[in-house]
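Here is the structure we will look at, set down as structure tokens.
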Amino acid sequence: MEDSWVNSAQRIGADLHLELSGPGGRRAALIRALRDAVREGRLVPGTRLPPYRSLAADLGVARNTVADAYAELVAEGWLTARQGSGTRVAERADPLRPAERTPVETPARARGPLHDLRQGTPDASAFPRTAWLTSYKRALQQAPNEVFGPGDPAGRRELREALTEYLARARGVRTEPERIVICSGFAHALRLLFAPGGVLRGPLAVEAYGLGFHRELLAAAGVRTVPLPLDEDGARVGRLGRERAVLLTPAHQFPTGGPLHATRRTAVVDWARARGAVVLEDDYDGEFRYDRKPVGAVQGLDPERVIYLGSVSKSLSPALRLGWMVLPRRYVDGVLAAKGEREAWASVPDQLGLADFLASGAYDRHVRRMRQRYRGRRDRLVAALAAQAPHIEVTGVAAGLHAVLRLPPGTERSTVKAAAWQGIALDGLAAFRHPETDMTAPDGLVVGYATPSEHAYGAALDALCGVLPPGARRGPASR
Ligand SMILES: Cc1ncc(COP(=O)(O)O)c(C=O)c1O
């Protein structure tokens, strides 16, 4: 350690000295001095700082004063602390003050993150290219010529049949091919359902925490969304009133992570029956469950009161743009009318490729493989936190491709900011909050563990642990 400090000292020039002056005591003075040294480029990115004891002795301050100053600068994003490699000047810290940057565009997003821990995207390196090509080739070779003419807006029958079988077997969905309409994904399904003159109208109840993108899409379609608070059993469906529909993520609440409790699953269907309303079930990652028994689709409770929505965006790739709606009978014609006379959204050859992929068992094999991989990632996240940040509680880990890390109160914003400065892209829970809800979830980070490639994942976890609030981490003191 001493050696590396000597090397660092040589790298940064022998004239570096820290002057502890100004108001606020020794700790504040040391923080200011170190921050200035980084900002002015006297301490360059990657430089390893001296151990607490050495710097404390050099400056004539207490060891804890140095430890506290380092921890504060890690939280601010100027320094990084990693077990085994000490405290260093952050690679991404540059001579600009954080305050000089615009608050909306974080450095990680502006430059492209070093570590992408945003929820949303599956591991792109795991797309099953060979198996997909096999299915695609076989499907095209066997396809009749009419496939290459204008398509049926309901979607290819081969795909609707394969989905009928798969969804019944894997998700407990009760349907038949005539009640399935293929679309380009969940977002497209929402647009079709709430199209002008479409089958549904607002107000639509939505979970108080969810994807802002979906709320915006609905607002653009003139649909008012009414936030439904959440608790440990999922959406509080007892609060539903005069809305015409409710949009839920029952298998794995997005983003907080729990399943909708069994009594609420039946309660929401009872509400829909009593009020002539409808439940929209977003089953975005229902295939990825790890620790608990499979949670089947709510749709199975009443196929005439629930619209089931799914896509390949989490299981295969969001680039394919393929999804499906399983509709109550009374809505089929209206949705087809909203779609138009011809298939204009989902490539018909791709539909045939997916039909073969499902029917041949390749989809099941891929999902099983990915389930194992993501479970491994989830376990590594939990283990890294247990080792490096034992005071952080991890929730929502029984299923899906993301977890929620509970943070000490009041630390979410600064942690997201510190992460951005370290090149880590992730979101705090607040980013998902409905603007009109009176509910406030405890501080937390939504950590997607599917996106980094296998070889980059360990470094992403270390970087994540390095920016968690000092009180939650195993302090650098125990290095
Ligand atoms: C909550 C939620 N719903 C649905 C989807 C799927 O969206 P789409 O099918 O439009 O890609 C996602 C993302 O994959 C999601 O996070």
Side-chain angles (χ1 to χ4, degrees), residues 116-124 126-127 155 159 163 167 171 180-195 204-218 220-221 225 227-228 230 234-235 245-260 279-289 295 297-299 306-326 339 345-347 350-351 354 363 367 370 374 396 399-404 425-427 429 431-434 441 446-451:
D116 194 347
L117 294 176
R118 282 170 290 191
Q119 62 68 39
T121 315
D123 180 352
F127 185 81
L159 178 54
L163 282 169
L167 294 174
R171 306 293 304 123
I180 296 183
V181 174
I182 303 302
C183 56
S184 76
F186 175 82
H188 184 214
L190 277 188
R191 287 192 175 100
L192 289 172
L193 290 165
F194 291 95
L204 168 71
V206 296
E207 291 157 325
Y209 282 72
L211 267 189
F213 165 63
H214 292 157
R215 289 194 297 264
E216 283 155 22
L217 179 162
L218 288 160
T225 56
L228 205 54
L230 303 163
V246 58
L247 170 59
L248 299 174
T249 47
H252 187 226
Q253 202 285 323
F254 182 88
T256 58
L260 186 66
V279 180
L280 276 65
E281 177 169 23
D282 176 3
D283 199 30
Y284 66 105
D285 67 2
E287 282 112 341
F288 296 109
R289 54 177 191 273
V295 176
V298 172
Q299 190 269 3
V306 182
I307 298 177
Y308 175 90
L309 304 164
S311 79
V312 297
S313 291
K314 296 278 193 196
S315 56
L316 278 168
S317 160
L320 280 176
R321 302 316 306 150
L322 273 178
W324 44 87
M325 288 178 254
V326 178
K339 222 175 161 199
W345 307 96
S347 144
D350 283 357
Q351 292 184 40
L354 181 59
Y363 189 84
V367 165
M370 294 315 292
Y374 294 143
L401 312 184
H402 69 272
V404 175
L426 47 65
D427 289 296
L429 269 177
F432 300 94
R433 185 172 183 263
H434 193 297
V446 180
V447 175
Y449 46 79
T451 305

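Quick note: residue numbers are just sequence positions, from 1. Each ligand, and each atom within it, is numbered from 1 in the order the structure gives.
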Tell me every residue that passes ring pair (Phe, Tyr, Trp, His ring centres under 6.0 Å) with H214, counting only those two or more places apart in sequence or in another chain. F186

Compare every heavy atom of A399 with every heavy atom of Y449, then report the nearest pair and how far apart it is. OH-O, 4.1 Å

Check the pair M370 / S315 against side-chain contact (heavy atoms from CB on, under 4.5 Å), numbers first and verdict last. CA-CA 8 Å; M370 294 315 292; S315 56; over 6 Å; no

So which heavy atom on D285 is nearest to which on G400, and how close? OD2-CA, 3.0 Å

To check you understand the geometry: which heavy-atom pair defines the closest contact between D283 and A251, and what is its length? OD1-CB, 3.6 Å

So OG of S311 and CH2 of W324: to nearest 0.5 Å the spacing works out to 6.0 Å

Sorted by chain and residue number, the residues having a heavy atom closer than 4.0 Å to an atom of ligand 1 are G185, F186, A187, L211, H214, F254, D282, Y284, S311, S313, K314, R321

